[in-house]
Amino acid sequence: DSRVLLFALLATVATSLIFGLMPAFRTTEEVSGALSAAGQRGSTGVRGLAWDILVGFEVAMTVVLVTASGLLVRSLQEIVGADTGFHAEGVLVVALDPSGQGFDTEETRTALYRDLERELSLIPEVATVGMANRLPLQAGTWTGPVLRSPVSDRENREEWVAIAGWRVADDDYFASLGIPVLAGRVFDPALDGPEGPPVAILNRSLAERAFPGEDPLGKQVQALWDRREEDFTVVGVVAEARDWRRQPGAQPEMFVYWPQRLE
């Protein structure tokens, strides 16, 4: 948070000043006195040259430290001021791994997630509870080609419209992170049940690549990572929530509804 970043910044600047500038100034004064005395004694100047080199080296190292501190400050400013498309303030993230705990069937996992959502929602300070398999900063290996339906050959690279991230989420995930819905809707438990037709939400980056100049709502896409080889109907488009290290539009993503992807 901002307090940690501020402390790191102040510690860096203070360290640079204390261990860089202060010794350099003190050494410069001592060397200047020694050089004057040596000159008055008619020194050959060899020792003075060595001291000059030493002082020059320390001054150069000080400049490097101060420059590095400035670059760190600038990097921190860019990180803090970056528009990532989602809100992290006031958000608590909890990792959950039900594997090996007796939740090895679709029914037990569904019951677990539903119970967690219900119990957490009862906490007075909690506004929304959202679930997803990966967060916006976790690009990782959950990526693969996305194809626009109808698809004639899934292995044909010419039919790949984008290499996009794949995320499994629930209906409150976008509200929990403050990700705006630009078109259509989010997932709906009443409409998008396990037995219903597969649906997907695209972020703006993927929607523009898959359907340039078109309305993507109601259209269908496939994903190469989906072994079912089924069509997903696009029901919504959301803003791009991205890693701050990426440029806007560089993180296309496709979201699918978790009750339809529990196997």
Side-chain angles (χ1 to χ4, degrees), residues 1-95 132-144 162-167 176-180 203-206 208-209 239-253:
D1 57 20
S2 58
R3 292 173 296 177
V4 175
L5 292 176
L6 179 60
F7 175 80
L9 172 61
L10 294 177
T12 302
V13 174
T15 302
S16 300
L17 291 176
I18 295 174
F19 295 99
L21 292 177
M22 296 297 290
F25 289 150
R26 185 177 60 185
T27 303
T28 301
E29 293 177 358
E30 295 175 354
V31 172
S32 297
L35 291 176
S36 298
Q40 293 174 0
R41 293 193 300 266
S43 171
T44 59
V46 176
R47 185 177 180 183
L49 178 61
W51 277 111
D52 286 344
I53 294 176
L54 177 60
V55 173
F57 176 76
E58 291 204 4
V59 172
M61 293 301 297
T62 301
V63 172
V64 171
L65 287 173
V66 174
T67 303
S69 299
L71 293 175
L72 175 61
V73 172
R74 182 176 179 181
S75 299
L76 290 176
Q77 289 176 339
E78 292 180 355
I79 294 174
V80 174
D83 182 13
T84 58
F86 67 94
H87 300 155
E89 183 177 358
V91 177
L92 175 64
V93 178
V94 179
N133 65 332
R134 300 184 74 81
L135 296 174
L137 298 182
Q138 295 175 303
T141 58
W142 291 77
T143 58
I163 303 296
W166 167 46
R167 302 185 189 273
S176 298
L177 287 182
I179 302 175
N203 72 353
R204 177 162 49 189
S205 176
L206 179 56
E208 292 176 350
R209 299 186 190 194
E240 180 188 36
R242 60 184 177 85
D243 189 323
W244 61 269
R245 293 167 292 187
R246 298 191 178 192
Q247 295 296 321
Q251 191 168 325
E253 291 178 335

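All values derive from a computational prediction rather than experimental measurement.
- Thr143 contributes atom OG1, which lies 10.0 Å from atom CZ of Arg167 (distance to the nearest 0.5 angstrom).
- Residues passing the side chain to side chain donor-acceptor pair (under 3.5 Å) test with Ser176 are Thr128, sequence neighbours excluded.
- Contact between Pro136 and Ala241 at its shortest, heavy atoms only, is CB-O, 3.9 Å.
- The nearest pair of heavy atoms linking Glu240 to Asn203 is CG-ND2, 3.8 Å.
- Between Asn133 and Trp166, the closest heavy-atom pair is ND2-O, 4.0 Å.
- Taking each heavy atom of Ala239 and Ile179 in turn, the nearest pair found is O-CG2, 3.6 Å.
- Under the rule for a side-chain contact (heavy atoms from CB on, under 4.5 Å), the partners of Val91 that lie at least two apart in sequence or sit in another chain are Val93, Leu177.
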